[in-house]
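Single-structure report; data block below.
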Amino acid sequence: MRTDFEAQLRAVSLRVTRPRLAVLAALHDHPHVDTETMIALVRDQHPTVSHQAVYDVLRALTDAGLVRRIQPAGANARYESRVGDNHHHVVCRSCGAIADVDCAVGHAPCLTGSDDHGYVIDEAEVVFWGTCPDCAAARTTQ
């Protein structure tokens, strides 16, 4: 897996560094994490990596298109390594868990607005809100 991450970095002309590899590995295993969680995950493997280094890596990977930053309303920014397919997300109103939802209809932008106001639309970002199975089950047992 490490060589896959190395190849991804090289493909977008980014240097291969331990913090970049650690962030990509953490995102592969833990999609939709916030920055503080990412820092803890990276520091589990590399205790001397600074907060700023993780912030810089997330920004560089996002700018390069290897990572996607999402920020549901009222929530901290989250990061994921699933990019390029214009998928959507479902967010639990109770615990904040996030899951991927494949494109609503067809190819990007997946949805057609009723009035595009002359814009050339190439992407739709949809967030579905609800209650995750764990929170729903907890409510029924109370």
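Model, not experiment: these values are computed from the prediction.
- A pairwise comparison of heavy atoms in P72 and I98 identifies CG-CD1, 4.0 Å as the closest pair.
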For residues 126-136, please give each side-chain donor-acceptor pair under 3.5 Å, one per line with the distance, not counting sequence neighbours.
none

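- The line from CG of D29 to CG of L41 is 8.5 Å long, rounded to the nearest 0.5 Å.
- Hydrophobic clustering of Ile, Leu, Val, Met, Phe, Trp and Tyr side chains at less than 4.5 Å, counting indirect connections, unites V49 with V67.
- Within the model, atoms CG of L14 and CD of E6 stand 13.0 Å from one another, a figure rounded to the nearest 0.5 Å.
- In terms of modelled atom types and a separation under 3.5 Å, the side chain of T62 and the main chain of L58 share a donor-acceptor contact.
- Residue D34 holds its CG atom at 9.5 Å from OH of Y79, rounded to the nearest 0.5 Å.
- R20 contributes atom CZ, which lies 13.5 Å from atom CZ of R18 (distance to the nearest 0.5 angstrom).
- When the side chains of ILVMFWY residues are joined at heavy-atom separations under 4.5 Å, either directly or via intervening members, V16 and L24 end up in a single hydrophobic cluster.
- With rounding to the nearest 0.5 angstrom, the CG atom of L66 is 9.5 Å from the OG atom of S81.
- V83 and F5 fall into different hydrophobic clusters, where Ile, Leu, Val, Met, Phe, Trp and Tyr residues are linked whenever their side-chain heavy atoms come under 4.5 Å apart, directly or through other members.
- Proximity of the aromatic rings of H32 and H30 is defined here by a centroid distance below 6.0 angstrom, and this criterion is not met.
- With contacts defined as side-chain heavy-atom distances shorter than 4.5 Å, the pair M38/L27 qualifies.
- V42 and A22 make their closest contact through CG1-CB, 4.0 Å (heavy atoms, listed as atom of the first residue, atom of the second, distance).
- At distances below 3.5 Å, not a single donor-acceptor pair connects side-chain atoms of E36 with backbone N or O atoms of A40.
- In this structure, the separation between CD1 on I39 and OH on Y55 is 4.5 Å, given to the nearest 0.5 Å.
- Looking at R43, its side chain never comes within 3.5 Å of a backbone N or O of T48 through a donor-acceptor pair.
- Residues V54 and L21 fall within the same hydrophobic cluster, defined by Ile, Leu, Val, Met, Phe, Trp and Tyr side chains chained together at heavy-atom separations under 4.5 Å.
- Inspection of the D100 and H87 side chains reveals an N or O donor paired with an N or O acceptor under 3.5 Å.
- D63 is linked by a salt bridge (charged side-chain N to carboxylate O under 4.0 Å, His left out) to nothing, counting only residues two or more places apart in sequence or in another chain.
- R68 contributes no side-chain N or O that, together with a main-chain N or O of R82, makes up a donor-acceptor pair within less than 3.5 Å.
- Side-chain contact between E80 and R78 is absent, with no heavy atoms from C-beta onward closer than 4.5 Å.
- No side-chain donor-acceptor contact under 3.5 Å links R10 and Q8.
- Nearest approach of H89 to V101, heavy atoms of both residues: C-CG2, 4.0 Å.
- V57 and V33 fall within the same hydrophobic cluster, where Ile, Leu, Val, Met, Phe, Trp and Tyr residues are linked whenever their side-chain heavy atoms come under 4.5 Å apart, directly or through other members.
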